[in-house]
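Scroll down for the structure; my scribbles are underneath it.
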Amino acid sequence: MTHSPGSACPSVTAVRCCDPVQLGLRWALAVSYLTAIVTPEGGAAHVWAGAMLGLCLVLRLLWGVIGPQSAALGALWPGRAEIALQLSDLARGEQRFDLGPSPLGAVLSLVLLAMLALVVLSGAALALGGARGGTEAIHEALALGFHVALAAYLAGVVWASLHYRANLGLTLLTGVKPLPDDLYWHNGPDHDAATAHPRAGNPGATPERRVFRRRRHI
């Protein structure tokens with residue numbers, strides 16, 4: 001379905017933004033992570049939780065290779081143009097709404113995956129009998145950095161939920177993103193950056209990359 005610039009968003013209330021395999025791995029990562037932080041470090045449960053985290057990360061990478069194109073980690077990277085466009089939107093007070101992850105949210109998601117991989121690798125080094133002094137300090141520092149990045153990500157989800165008046169936190173649990181009822185597709189001449197970019201506000205773009213605007217409320 002195509003939409004002319006300024007036309008209303010399709011009459012749907014939500015859009016699925018990840019496939020069932022990605023959603024299942026997200027849940028498995030969450031459960032393993034919670035298990036790891038509530039169990040004593042060095043204990044069997046903590047080590048097994050770390051192993052499950054590592055397995056989930058490997059499966060996520062594998063699914064990115066054999067799964068649909070939207071599951072590839074490379075597809076998650078928005079590119080510098082989209083990141084700059086979102087920063088410009090925020091600076092100008094534009095009411096941008098992405099059907100999939102926003103560019104900044106996508107970048108932070110990749111950062112979280114990379115940091116979690118480093119936490120798991122340093123934990124594996126400890127479990128395999130690595131030098132405990134330096135390795136343990138590195139593991140703890142990486143875990144702290146991951147917690148800070150995760151807190152920033154969740155704070156962004158809360159901010160976006162309030163900003164768009166849509167429960168985006170529920171998207172993390174269900175993989176379904178609710179759509180505000182006042183969206184319209186915008187690719188007009190007053191937003192040249194969106195017009196020029198092949199995936200921002202482009203009716204021919206994949207749905208997870210299509211950008212909508214919100215009508216301004218007075």
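Nothing here was measured: the structure is a model prediction, and the numbers come from that model. Note: hydrogens, waters and symmetry copies are ignored here, and every other heavy atom, side chains too, is used.
Heavy-atom contacts from other residues, nucleotides or ligands closer than 6.0 Å to CH2 of W48 number 12 or fewer. Taking a 6.0 Å sphere around CH2 of W159, one finds it holds more than 12 heavy atoms contributed by other residues, nucleotides or ligands.
Under the 4.5 Å side-chain contact rule for hydrophobic residues, V148 and L108 do not share a cluster. Under a hydrophobic-cluster definition in which Ile, Leu, Val, Met, Phe, Trp and Tyr are linked whenever side-chain heavy atoms come within less than 4.5 Å, directly or via other members, L172 and L73 are assigned to the same cluster. Placement of I66 and L59 within a single hydrophobic cluster is found when ILVMFWY residues are connected by side-chain heavy-atom separations under 4.5 Å, directly or transitively. Under a hydrophobic clustering in which Ile, Leu, Val, Met, Phe, Trp and Tyr are joined whenever their side-chain heavy atoms come within less than 4.5 Å, directly or via other members, L142 and M52 fall into different clusters. Residues L29 and V38 fall within the same hydrophobic cluster, defined by Ile, Leu, Val, Met, Phe, Trp and Tyr side chains chained together at heavy-atom separations under 4.5 Å.
Contact record, T35 with T39: O-OG1, 2.8 Å, taken as the closest heavy-atom pair. Heavy atoms only, all atoms of each residue included: V120 and G50 are closest at CG1-O, 3.8 Å. Taking all atoms of both residues into account, the shortest heavy-atom contact from V119 to A143 is CG2-N, 3.7 Å. When every heavy atom of L23 is checked against every heavy atom of L173, the shortest pair comes out as CD1-O, 3.6 Å. Closest heavy-atom contact between H139 and G123: ND1-N, 3.3 Å. Of all the heavy atoms in L76 and S109, the pair that sits closest is CD2-CB, 4.1 Å.
Under a 3.5 Å cut-off, the side chain of R60 and the backbone N or O of Q22 do not form any donor-acceptor pair. Although no hydrogens or angles enter the test, the distance criterion places a donor-acceptor pair under 3.5 Å between the side chain of S161 and the main chain of V157.
The closest side-chain heavy-atom distance from V176 to L170 is not below 4.5 Å. Proximity of Y153 to V111: side-chain heavy atoms (C-beta onward) are nowhere separated by under 4.5 Å. The shortest distance between side-chain heavy atoms of V107 and P78 falls below 4.5 Å. Residues C17 and T171 are in side-chain contact: their nearest non-hydrogen atoms beyond the backbone lie under 4.5 Å apart. Residues P40 and H46 form no side-chain contact, since every pair of their non-hydrogen atoms from C-beta on lies 4.5 Å or further apart. Looking at heavy atoms from C-beta onward, V158 lies out of side-chain contact with L168 at the 4.5 angstrom threshold. Taking the side chain as every heavy atom from C-beta outward, H147 and I37 approach each other to under 4.5 Å.
Residue L110 holds its CG atom at 7.5 Å from CH2 of W77, rounded to the nearest 0.5 Å. The CG atom of L104 sits 5.0 Å away from atom CG of L87, with the distance rounded to the nearest 0.5 Å. Here the straight-line distance linking atom CG of L25 with atom CG of D19 works out to 8.5 Å at 0.5 Å rounding. Rounded to the nearest 0.5 Å, atoms CG (L150) and CG (L116) are 9.5 Å apart. Taking NZ from K177 and CG from N167, the interatomic distance works out to 12.0 Å, rounded to the nearest 0.5 Å. To the nearest 0.5 Å, atom SG of residue C56 and atom CG of residue L113 are 11.0 Å apart.
Using modelled atom types and a 3.5 Å distance limit, the side chains of Q86 and D89 yield no donor-acceptor pair.
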